[in-house]
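Structure first, then comments.
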Amino acid sequence: MYPTSRPRRLRRNPAVRRLVSETSVEPRHLVLPMFVREGASEPVPITSMPGVVQHTRDSLKKAAAEAVSAGVGGLMLFGVPEEHDADGSGAVDPDGILNVALRDLRSEVGDSTVLMADLCLDEFTDHGHCGVLDEDGNVDNDRTLQIYGEMAVVQAQSGAHVVGPSGMMDGQVGVIRDSLDATGFDDVSIMAYSAKYASAFFGPFREAVDSQLKGDRKTYQQDPANGREALREADLDLAEGADMVMVKPAMSYLDVLRDIAGVADVPVAAYQVSGEYAMVEAAVANGWLERQRTVLETLTSIRRAGADVVLTYWATEAAQWLQDARA
Ligand code: PBG
């Protein structure tokens, strides 16, 4: 007549709830993606990502210092160049904006946090694809790999601790590992965007990097309908020497994250992307969601699904909330 099992006992007050809480989010788990714009004299707001800006070289350093004092685990840097060309040559130019800003950041933060660089051509090409094109306009996998190899070395020389290949070219991790090792950068890690989907949730990112893309990325990014090939991609990246693997986006792919976390023998990251950020901020702006609770719940659920590391545009602010909650 009365229940013999009473799960509510373990929820009766904050002390017992704290005792039995399985998942935590700590500042060190969070990585802040940052954008730096070549030639900018003022930070440029990104309309579809309220609160996120394209930094100037100066404001980038300040924001990085803030993130470090909030205790974030890492920074992931994206460059927004003034000029684009067919081969994305700004990506391999030591004086290209991404590489210059990496040197700025490395001198600002030293080894106090993990400095990561997006390794992809889409920000630098005039057609907006993640690789170079062949005569027929298709993304040329193997010619792109050569450029990725060079890009990795320049990023390492510029101070990146970790490179994050996000272009979904076949064989990218192996080529990058070889070129880093051949140039004495065997201590630079690869965080592989292993399972990256052709997602509508990247929409606001296109504004964030002034993307030139017409069309889509479906010949290289994964079909949202597919789970199994995510495991295959992660296996291949591990065999090629990935030090960490990533799932992206996060919230619509928690099942994929859980599956990969169940088999990967390296740390697993998840990227809570621009559209996930925009969606929550838009609802908050309308008074439809409570901001802090919602953000922390999203981060907790991504950690619960198996992410060791979470890339999120809320990293600094969330880290500050978490620090304040401790104090
Ligand atoms: C590619 C890259 C993208 C994102 C991170 N790296 C865009 C894409 O693949 O279309 C998206 C990140 C976000 O939406 O927050 N360099």
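Along the sequence shown, residues are numbered consecutively beginning with 1. Counting starts at 1 for both ligands and their atoms, in listed order.
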Connected via hydrophobic side-chain network under 4.5 Å: L254 and V309: yes
In one Ile/Leu/Val/Met/Phe/Trp/Tyr side-chain cluster, 4.5 Å: I147, V153: yes
Just jot down the ligand 1 atoms closer than 4.0 angstrom to any heavy atom of [X], in number order.
X	result
Y313	12 (C), 13 (C), 15 (O)
D118	6 (N), 16 (N)
F78	5 (C), 6 (N)
C120	1 (C), 16 (N)
S166	1 (C), 2 (C), 6 (N), 16 (N)

So, are [X] and [Y] salt-bridged, with charged N and O less than 4.0 Å apart?
X	Y	answer
R177	D243	yes
R143	D134	no
E281	R291	yes

Is the number of heavy atoms from other residues, nucleotides or ligands under 6.0 Å of [X] [atom1] greater than 12?
X	atom1	answer
Q323	CD	yes
R258	CZ	no
F201	CZ	no

Nearest protein heavy atom with distance in Å, relative to [atom]:
atom	value
atom 8 (C) of ligand 1	R217 NE, 3.4 Å
atom 11 (C) of ligand 1	K248 NZ, 3.1 Å
atom 2 (C) of ligand 1	K196 NZ, 3.1 Å

Whether F35 and Y313 hold their rings parallel, tilted or perpendicular, with breakpoints at 30° and 60°: parallel
Which segment of [X] sits under 4.0 Å of ligand 1 when only heavy atoms are counted:
X	value
D122	side chain
S274	both
V209	neither

So is [X] in contact with ligand 1, going by heavy-atom distances below 4.0 Å?
X	result
Y277	no
R206	yes
M168	no
E123	yes

Ring center gap for Y277 and F205 short of 6.0 angstrom: no
